[in-house]
A.B. asks: 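If you scroll down you'll find the structure; I have some questions about it.
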Amino acid sequence: MNLREKSIYTKNLTVSILTRHAVRLFNPDDKISKGSLEKIVELAQHAPSWVDSQPWKVYIATGNTLAAIKKRHAENVKNGVKANPDWPTTHREDWAKFPRENMLKHNEATAHFWENPELSDMTRQDLQTRLYDAPAICYLTIPKDSNQWSDYDLGAFGQTLMLAARGMGIDSMPAYEIVKFPESVKQIMNIPDSEWLAMGIALGYADMATRVNEYRAPRVPLDEMLKIKD
């Protein structure tokens, strides 16, 4: 790779990083080809892991399979089925002080964003119940007997997957909502119970006809989270 190629590569990577964001409403009619989904996962496999353990597996739902998952998800929500994720959630008050303060800023920013009268015809809960109208959802798993290093590895894999997608012009949304009813998903997707259904990442193309996708989460100032000591 010559200097010009390196410059183009760096620019493209920077664009992917800066333009990736959580998309809350996809265009359900704008499908992703099987080839593109395979390419995204192939690229994500270059993520690092402890001793190249590569503990992850990926299950992707599209078409009729995803329609069945969305239907079951909506029924669970409507019937008041209690969420039972494989990885238990933690109340925000029980998080460490630094991330708790950041979540508070996010909550304030989103609350202000949703005051926009142009968003009065939708709610966050409705979008979540519809699984964001995504045309494809990736379910990421690791073995239940994994250690914490595999948790870290899966996070690296998930981010690499989303950046790979963004590099191909495809948007994403990692969300707890997608995995809060693991029994339903595992049944439909034939995921063995020996695997944690750790995270779900919705993929698709953002619906640009709505302003809901204009939200960008605030970032911690660099001097509050970075220390360089020479």
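Keep in mind that what you see is a predicted model, and the values were worked out from it rather than measured. Just the heavy atoms: all of them, side chains too, but no hydrogens, waters or symmetry mates, feed the values below.
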A.B. asks: Does any non-hydrogen side-chain atom of Val220 lie less than 4.5 Å from one of Lys105?
C.D. replies: no

A.B. asks: Enter the distance from Leu119:CG to Phe113:CZ here, rounded to the nearest 0.5 Å.
C.D. replies: 5.0 Å

A.B. asks: Side-chain contact test, heavy atoms from C-beta onward, threshold under 4.5 Å: evaluate it for Ile69 versus Leu131 and give yes or no.
C.D. replies: yes

A.B. asks: Donor-acceptor pair, Asn213 side chain versus Asp207 backbone, under 3.5 Å?
C.D. replies: yes

A.B. asks: Among Tyr152, Trp56, Trp50, which residue meets the ring pair (Phe, Tyr, Trp, His ring centres under 6.0 Å) test with Phe157?
C.D. replies: Trp56

A.B. asks: Mind checking whether Val58 and Leu203 sit in one hydrophobic cluster, side chains of I, L, V, M, F, W, Y counted as touching below 4.5 Å?
C.D. replies: yes

A.B. asks: Hey, can you tell me if His106 and Tyr215 have their rings parallel, tilted or perpendicular (30° and 60° cut-offs)?
C.D. replies: perpendicular

A.B. asks: May I ask you to test the Asp86-Val179 pair for a side-chain heavy-atom distance under 4.5 Å?
C.D. replies: no

A.B. asks: Just so I know, are the side chains of Phe181 and Arg72 near enough to count as touching, which here means a heavy-atom distance under 4.5 Å?
C.D. replies: no

A.B. asks: Is there a side-chain contact between Asn27 and Asp133, using heavy atoms and a 4.5 Å cut-off?
C.D. replies: no

A.B. asks: Any donor and acceptor pair, going by atom type alone, linking the side chain of Asp171 with main-chain N or O of Ala206 inside 3.5 Å?
C.D. replies: yes

A.B. asks: Less than 4.5 Å apart, any side-chain heavy atom of Glu183 and any of Gln187?
C.D. replies: no

A.B. asks: Less than 4.5 Å apart, any side-chain heavy atom of Thr62 and any of Ile32?
C.D. replies: no

A.B. asks: In terms of side-chain heavy atoms, does Tyr139 have a donor or acceptor partner in Glu195 at a distance below 3.5 Å?
C.D. replies: no

A.B. asks: Under a 4.5 Å cut-off applied to non-hydrogen side-chain atoms, are Pro135 and Phe26 in contact?
C.D. replies: yes

